[in-house]
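Each remark here refers to the structure printed beneath this line.
Here the structure is a predicted model, which is why all the values come from computation and not from measurement. All values below were derived from every heavy atom in this structure, side-chain atoms included, with hydrogens, water molecules and symmetry-related copies excluded. Chain identifiers are assigned alphabetically (A, B, ...) following the order of the sequence lines, protein sequences preceding nucleic acid strands; residue numbering begins at 1 within each chain.
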2 protein chains.
Amino acid sequence: MPKIGMEPIRRKQLIEATMASINEVGLADSTIIQISRRAGVSAGIISHYFGGKDGLLEATMRHILEDLGMSVANRRSALKKHDARSHLYAIVEGNFDRSQVSAEVMKTWLAFWTSSMHRDDLHRLQRVNDRRLYSNLCFQFRKQLPVERARDAARGLAALIDGLWLRGALMPQSFDITRAVALARRYVDEQLDGHAGPSTSTG
Amino acid sequence: MPKIGMEPIRRKQLIEATMASINEVGLADSTIIQISRRAGVSAGIISHYFGGKDGLLEATMRHILEDLGMSVANRRSALKKHDARSHLYAIVEGNFDRSQVSAEVMKTWLAFWTSSMHRDDLHRLQRVNDRRLYSNLCFQFRKQLPVERARDAARGLAALIDGLWLRGALMPQSFDITRAVALARRYVDEQLDGHAGPSTSTG
DNA sequence: GCCTTTTTTGAACGACTCTTCAACAAAAAA
DNA sequence: TTTTTTGTTGAAGAGTCGTTCAAAAAAGGC
């Protein structure tokens, strides 16, 4: 079945096979052969389309982060109200989107997070994504909170979201999406409502 | 220097070399030779004292978790007051103990967390430690909160602590222990105080 | 000073990995 | 049909890793 655009098809197959492999045996035991066999192609094709194993891994991480970003963006653009709370809820829910919260995605995400500590290319991806999340959170919190307080709230919420993902990756069976979202939303509420200082009660 | 008890000395050397290696090049690139060279011994000695690479890794993870447990236990046994808040603060501070929060320990901890998703021996260690933390948190929160609310608070605080560790591991340079502790303590406060209805203003 | 015991070495070995590339297959173009 | 182009294969090659084990080293005991 050559000639016509095989490249996007093969790339998708291989990225999905990579996630499946990481989910089942872990990144450390995910070899070129394992992955290519799972995708139903030969080992050589990985180097052909991704330039090598590293390229495949980077593409897989990029894919996950793009999906995550789109989940958040979609929810936010569908909002009717544009107050801070609505946006923050949308960001939280986007991070726990159905498509994002599977054992496969969570384990792959964590594997890449760990790898990114020692690989510059992955570290850059992680950093871009992270700063975008933080900026968004910070911007929303600043609508209602003083700047330093907003930064702390953003840092806390980002950490809480990552922590819930981390635990979800380790214990996929006892991971309750609904509860995770509820915990994160409550954190948003506590930051927005709990602060209401003595004087700044403009609502 | 043979004869006299070399075993505990070598074990300690090798465990520390393992953490140093994971910190610098990551678990994936930490080979027997890398680690043994760093410890100033030969490669064969790892198999001799730990039965193999897997044994060394398990021992290293056990070492980290024991240190973490002791940091928490020490702070709690030094408490004068025994109310929920004091204990929760102690648990938080123990988790961000100076000896625990180094790039070395954080990266090693995260590497093992990732590995434990696919290695039963490490998974058991993680699970034991995790349940102890959750139980402790839950018990303290229940002193002041209804049971379901206490469980959520415990889940949230555990996730927040792990999330802060996770981010500290990825960005050791911009990680501020003081701020991390402050964020976690504030979470405790919000759970304990925030819940109290309008009328219970005895505090 | 010699023997015993514990400790340590490092090269050999087998297994495994990623990459490369010449050859092959199959569809489109001529 | 024949040629060209795109896609694919799989084995060879070069390298790395963990383990093993016979031999050596070093410190007590006598």
Side-chain angles (χ1 to χ4, degrees), chain A residues 1-22 24-61 108 111-112 114-115 118-122, chain B residues 1-22 24-61 108 111-112 114-115 118-122:
Chain A
M1 333 130 195
K3 190 57 187 289
I4 199 168
M6 277 291 107
E7 181 160 343
I9 296 173
R10 291 281 175 255
R11 287 180 70 96
K12 190 182 170 196
Q13 283 178 330
L14 286 167
I15 287 175
E16 279 169 5
T18 302
M19 294 195 285
S21 180
I22 291 177
E24 286 184 31
V25 301
L27 178 56
D29 293 331
S30 288
T31 69
I32 289 284
I33 293 176
Q34 274 256 352
I35 295 170
S36 58
R37 183 167 303 167
R38 204 180 291 262
V41 295
S42 80
I45 222 158
I46 288 179
S47 295
H48 184 250
Y49 281 125
F50 293 95
K53 194 187 184 186
D54 285 357
L56 172 60
L57 297 182
E58 180 175 341
T60 304
M61 182 173 182
T108 307
F112 283 129
T114 303
S115 296
H118 301 99
R119 276 185 57 178
D120 270 358
D121 54 343
L122 301 187
Chain B
M1 334 132 194
K3 188 61 187 284
I4 199 168
M6 277 292 106
E7 180 160 343
I9 296 174
R10 292 280 175 257
R11 288 180 69 95
K12 191 181 168 195
Q13 283 177 329
L14 286 167
I15 286 174
E16 280 169 3
T18 302
M19 293 195 286
S21 180
I22 291 176
E24 288 183 30
V25 301
L27 178 56
D29 292 332
S30 288
T31 69
I32 288 283
I33 291 177
Q34 276 255 352
I35 295 171
S36 57
R37 184 167 302 168
R38 204 180 291 262
V41 297
S42 80
I45 222 157
I46 288 180
S47 295
H48 183 250
Y49 281 126
F50 293 95
K53 195 188 185 186
D54 285 356
L56 172 59
L57 296 182
E58 180 174 343
T60 305
M61 181 173 185
T108 308
F112 282 129
T114 304
S115 295
H118 301 99
R119 277 185 54 178
D120 270 357
D121 54 343
L122 301 187

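Rounded to an integer number of Å, the gap from A:Q34 CD to C:dC16 C1' is 12 Å. Counting to the nearest Å, the P atom of D:dG10 and the CD1 atom of A:I46 are 14 Å from each other. Counting to the nearest Å, the C1' atom of D:dT19 and the OH atom of B:Y49 are 17 Å from each other. Residue B:I33 contributes atom CD1, which lies 16 Å from atom P of D:dG15 at whole-angstrom precision. Separating the NE2 atom of A:H48 from the C1' atom of D:dT5 is a distance of 12 Å, rounded to the nearest angstrom. Between the CE atom of B:M6 and the C1' atom of D:dG28 there is a distance of 13 Å, rounded to whole Å. Protein atom CG of A:L14 is 10 Å distant from nucleotide atom P of D:dT9, rounded to whole Å. If you take CD1 of B:I45 and C1' of C:dT8, they are 5 Å apart, rounded to a whole angstrom.
If you check every strand for non-hydrogen atoms under 4.0 Å, B:F50 touches nothing. Residue B:T31 is in sugar-phosphate contact alone, with no base atom involved, counting any heavy-atom pair closer than 4.0 Å across all strands shown.
For the pair B:T31 and B:K53, the tightest heavy-atom approach, listed with the atom from each and the gap, is CA-NZ, 4.4 Å. For the pair B:Q13 and B:V41, the tightest heavy-atom approach, listed with the atom from each and the gap, is OE1-CG1, 4.4 Å. Residues A:A17 and A:R38 share a closest heavy-atom pair of O-CD, 3.7 Å.
Listed candidates were C:dT8, C:dC18, D:dT19. Nearest to the side chain of B:I32 is D:dT19.
For C:dA30, the paired base is D:dT1 (Watson-Crick or G-U wobble, both distances below 3.5 Å).
Side-chain contact between A:F50 and A:T60 is absent, with no heavy atoms from C-beta onward closer than 4.5 Å.
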